[in-house]
Amino acid sequence: LFEHNPDIDAVFNYDKDFMKSLGPWKRARHLATQWKIIRRGHFDCLIDLSNTDEYAFLAKFIWNIPTRIGFQYKSRGRYLTHRFEMSTDASNPHIVETYYRLLTPFQIPSSYVEKRLFFYIDPSLQTETALERVGLSSHDPYLCLLPGGGGSWGKKAHYKYWPLEHYHALIKKISSR
């Protein structure tokens, strides 16, 4: 979602599973290469969505990124310049609203932020053919639902998952309009 946003200069993805799959020398070489790229980028700001303190640590001491914004989750925000408390309470605002709070240092209210998604459709995927296989053409209206989630919100994250029946009801409601 961030990769094709014209307002984002760069996105660096750190995949812990991938890193664990590398041997120690390959891992060190891979990290050194990424770190050099980041440091040479002379970035002004890190917005850390990880809920850990390792990236803010690297941003402060290795990459020299002066502004580091993220969540003070379980006291892990010690290297951030702007810390925001994060609660795992299910009654709190949606995660999108929680992330909007990270824009506060830029004095951008969440009501001002245009809600846009930037997708890149690879022409090699032949969207027309995929739609035709399910009886649609590219000129027909269609609904695409991408449910997502993860365990990043702690042990109680599964309470926020919707049952399949809820998705069925949502699709019926939206498609009836």
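Predicted model only: the values in this text are computed from it and were never measured.
Rounding to the nearest 0.5 Å places CZ of R101 at 14.0 Å from NE2 of H82. Expressed to the nearest 0.5 Å, how far CZ of F84 lies from CG of L102 amounts to 6.0 Å. The NE2 atom of H168 lies 8.0 Å from the NZ atom of K172; values are rounded to the nearest 0.5 Å. A distance of 12.0 Å separates OG in S176 from CD1 in I171, rounded to the nearest 0.5 Å. Taken to the nearest 0.5 Å, the CG atom of L58 stands 10.5 Å off from the CD atom of Q34. The CD1 atom of I37 sits 9.5 Å away from atom CZ of F43, with the distance rounded to the nearest 0.5 Å.
Using a 4.5 Å cut-off on side-chain heavy atoms (C-beta onward), L22 and R29 make no contact. Proximity of L49 to I47: side-chain heavy atoms (C-beta onward) are separated by under 4.5 Å at one or more points.
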* Apply side chain to side chain contact (heavy atoms under 4.5 Å, CB included) to F18 and H30, showing your working. => CA-CA 11 Å; F18 170 73; H30 180 78; 3.8 Å; yes
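Using a 4.5 Å cut-off between side-chain heavy atoms of Ile, Leu, Val, Met, Phe, Trp and Tyr, with links allowed through other members, F61 and L46 fall into the same hydrophobic cluster. Each of W25 and L31 belongs to its own hydrophobic cluster when Ile, Leu, Val, Met, Phe, Trp and Tyr are linked at side-chain heavy-atom distances under 4.5 angstrom. In the hydrophobic clustering of this structure, L80 does not group with I62; members are Ile, Leu, Val, Met, Phe, Trp, Tyr whose side-chain heavy atoms approach within less than 4.5 Å, directly or through other members.
For D48, the salt bridge (Lys or Arg N to Asp or Glu O under 4.0 Å) criterion is met by no residue, not counting sequence neighbours. For R27, there are no salt bridge (Lys or Arg N to Asp or Glu O under 4.0 Å) partners, not counting sequence neighbours.
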Return all side-chain donor-acceptor pairs below 3.5 angstrom for residues 63-72, not counting sequence neighbours, or 'none' if the list is empty.
| from | atom 1 | to | atom 2 | distance (Å) |
| --- | --- | --- | --- | --- |
| R68 | NE | Y79 | O | 2.6 |
| R68 | NH1 | I65 | O | 2.7 |
| R68 | NH1 | P66 | O | 3.2 |
| R68 | NH2 | Y79 | O | 3.3 |
| Q72 | OE1 | G77 | N | 3.1 |

